Amino acid sequence: MPRKRTDPDVQLMLSFQEGDEHAFRKLFSKYQTRIINFCFRFCSDRELAEDLAQEVFLRVYRAANQYRPKARFSTWIYRIAVNVCLNESRKLKKRYLTQSTDRPVADGQNSRLPEYRDENQVSADDMMASGQRDEQIKDALQNLPEQQRMAVLLRIYNEFSYNEIASQMSVSQGKVKTLIFRGRQTLKQTLQGEI
Amino acid sequence: MDKKMKKSCNMIDLISPLIDGELSPKDNASVLQHIESCAICRAEFNSLKSIDNMLRNIKPIEPSFDFARGFWKKIDALDALKTKKSRWSISNLLSWRWRWGWRPSLVSAAAAAVLLIVAGTVSYKQSAPSAVDAMGMLISEDVALYSDYEIINNLELFENWEEIIIVEEI
């Protein structure tokens with residue numbers, strides 16, 4: 001039995017398509033944290049992550065009339081999230097290339113990464129090591145090429161199948177397998193001391 | 001058993017899809033069995049599982065307090081823009097008709113004229129006299145012919161001359 005037919009989120013989206021805005025609010029409420037965190041893990045910038053997440057929901061809102069439940073709702077919304085994040089990444093790259101002559105010379109391994117403050121972190125000694133480790137893990141993720149990073153995030157955090165990830169990233173399943181494999185290998189090398 | 005430590009294993013590429021549940025049941029069983037006897041693949045399996053756990057243990061962030069509000073503001077702005085656009089296109093359409101109104105009127109008039117001609121032609125053909133009425137039509141247009149027709153129509157009266165005289169008197 002196709003999962004999409006029993007998917008309650010698909011039913012909510014179809015209700016929204018028929019004019020029930022309350023159904024959209026339910027979807028928004030259910031997915032906002034997940035989408036924000038997906039975007040945040042991809043870009044490592046909280047403010048940008050929330051902008052990207054809002055863009056994702058805007059696209060969902062505007063696409064109501066064209067929505068056709070061909071897959072699970074979560075597969076569909078994450079496909080939109082992938083597109084939004086990759087588009088933003090390309091814009092940032094373009095901006096970086098045009099401004100590169102004015103940028104200061106890199107003085108450290110993570111100088112090109114945006115600054116991140118974890119407002120939930122308590123600066124106690126026993127938390128310091130854990131916080132630093134989280135920072136190292138986030139840095140290691142940011143150092144992955146964007147396609148590997150995207151595939152790893154979709155697999156590890158959201159547990160999508162390779163088939164779903166292939167659909168979301170518009171690549172073959174074989175490519176997804178390779179991206180995840182290589183992403184894990186790079187993370188293993190970077191985080192050798194932490195494992 | 002091979003006591004010399006292998007540096008690599010040709011099944012190591014299957015550890016990642018094994019962890020993700022993407023192997024066929026047959027391959028899954030085969031790789032799991034292999035791991036039990038291969039230190040390299042077992043180490044790889046444990047490393048990759050650790051990385052997955054480390055990534056998952058990073059604390060997620062919560063949406064900022066105005067995330068939802070900011071989103072609905074954007075929706076309101078979008079709706080306002082749509083309303084403005086639809087009003088613009090209605091007013092644009094009306095001004096278009098004002099400026100170019102004679103063009104559609106001319107077309108309509110031409111179409112109406114064609115329709116009238118067609119309707120008139122059809123109507124005329126429908127009301128055209130049949131062969132039977134043709135004589136009647138001809139007689140009604142020609143009074144002289146009409147009087148002759150009366151005589152022809154009443155030929156049986158010539159059998160009785162007295163009656164003819166009476167007809168003439170009437």
Side-chain angles (χ1 to χ4, degrees), chain A residues 21 24-25 28-29 32-41 46-47 49-51 53-58 61-62 118-121 130-131 133-138 140-141 152-153 155-157 159-163 165 173 176-178 180-185 187-188 190-192 194-195, chain B residues 7-25 27-28 31 35 39-83 85-86:
Chain A
E21 198 168 275
F24 177 83
R25 288 178 185 269
F28 181 85
S29 179
Q32 61 172 334
T33 306
R34 298 182 206 187
I35 297 294
I36 289 171
N37 275 284
F38 174 78
C39 297
F40 177 67
R41 286 165 191 142
R46 190 197 176 92
E47 202 178 317
E50 290 204 349
D51 282 345
Q54 284 183 348
E55 177 61 26
V56 171
F57 285 106
L58 271 171
Y61 190 91
R62 293 199 305 237
D118 183 358
E119 58 204 36
N120 296 320
Q121 186 180 330
S130 170
R133 197 172 83 155
D134 282 2
E135 285 297 317
Q136 279 182 319
I137 294 166
K138 283 176 198 155
L141 257 179
V152 164
L153 291 177
R155 176 59 222 157
I156 292 176
Y157 286 103
E159 298 185 333
F160 286 114
S161 67
Y162 285 9
N163 186 35
I165 295 170
Q173 258 189 267
V176 170
K177 182 179 168 186
T178 305
I180 293 173
F181 172 77
R182 288 184 183 161
R184 280 181 166 137
Q185 292 303 310
L187 288 170
K188 190 177 81 170
T190 311
L191 299 169
Q192 200 67 40
E194 302 296 331
I195 298 173
Chain B
K7 288 188 179 176
S8 66
C9 176
N10 59 4
M11 291 188 85
I12 206 162
D13 293 358
L14 296 176
I15 303 301
S16 179
L18 170 77
I19 289 171
D20 296 334
E22 292 284 339
L23 294 178
S24 64
D27 287 344
N28 201 70
V31 175
I35 283 175
I40 294 168
C41 289
R42 201 162 49 246
E44 177 75 358
F45 180 85
N46 291 333
S47 297
L48 297 188
K49 287 290 271 182
S50 293
I51 286 166
D52 283 12
N53 291 335
M54 279 163 60
L55 288 173
R56 288 188 184 120
N57 285 338
I58 296 174
K59 200 174 171 185
I61 60 171
E62 291 299 319
S64 62
F65 78 97
D66 62 348
F67 173 76
R69 192 175 63 177
F71 170 72
W72 288 109
K73 269 174 85 174
K74 287 182 181 177
I75 292 291
D76 290 341
L78 196 71
D79 288 343
L81 189 66
K82 266 189 212 169
T83 310
K85 272 186 181 173
S86 65

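Note that the structure is a prediction, hence the values are computed from the model and not measured.
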Side chain, backbone, both or neither: which part of R34(A) has a heavy atom under 4.5 Å from chain B?
neither
Counting only heavy atoms not in R42(B), do more than 12 sit closer than 6.0 Å to its CZ atom?
yes
Please evaluate residues Q54(A) and W72(B) with respect to the criterion side-chain contact (heavy atoms from CB on, under 4.5 Å), reporting the C-alpha separation (whole Å), side-chain torsions for both, the decisive distance (0.1 Å), and the verdict.
CA-CA 9 Å; Q54(A) 284 183 348; W72(B) 288 109; over 6 Å; no
Please look at L141(A) and chain B and tell me whether the side chain, the backbone, both or neither of the residue comes under 4.5 angstrom of a heavy atom of that chain.
side chain
Over 60° means perpendicular and under 30° means parallel, so tell me whether F28(A) and F67(B) are parallel, tilted or perpendicular.
parallel
Should the ring pair F24(A) and F71(B) be called parallel, tilted or perpendicular, given that the plane angle runs from 0 to 90° and is split at 30 and 60?
parallel
Pick one of side chain, backbone, both or neither for D13(B), based on which atoms fall under 4.5 Å of a heavy atom in chain A.
both
For Q173(A) and E22(B), what are the C-alpha separation, side-chain angles and deciding distance, and is it a side-chain contact (heavy atoms from CB on, under 4.5 Å)?
CA-CA 10 Å; Q173(A) 258 189 267; E22(B) 292 284 339; 4.2 Å; yes
Counting only heavy atoms closer than 4.5 Å, note whether Y162(A) contacts chain B via side chain, backbone, both or neither.
both
Please determine whether a side-chain nitrogen of the Lys or Arg among K74(B) and E55(A) lies less than 4.0 Å from a carboxylate oxygen of the Asp or Glu.
no
Examine whether an atom of L78(B) lies under 4.5 Å from a heavy atom of chain A, and if so say whether it belongs to the side chain, the backbone or both; otherwise answer neither.
side chain
Exactly one of E159(A), R184(A), K177(A) clears side chain to side chain contact (heavy atoms under 4.5 Å, CB included) with D20(B), and that residue is R184(A)
Are the side chain of R56(B) and the backbone of I156(A) linked by a donor-acceptor contact shorter than 3.5 Å?
yes
Enclosure of E21(A) CD (heavy-atom neighbours >12, cutoff 6.0 Å)
yes
Chain A: which of L55(B), I75(B), I15(B) shares the most heavy-atom pairs with it under 4.5 Å?
L55(B)
Check: Q185(A)/E44(B) side-chain N/O donor and acceptor closer than 3.5 Å:
yes
I'd like to know whether L48(B) forms a side-chain contact (heavy atoms from CB on, under 4.5 Å) with L187(A), so could you lay out the CA-CA distance, the side-chain angles of the two residues, the decisive distance to 0.1 Å, and finally the verdict.
CA-CA 9 Å; L48(B) 297 188; L187(A) 288 170; over 6 Å; no
Structural part of A53(A) lying under 4.5 Å from a heavy atom of chain B
both
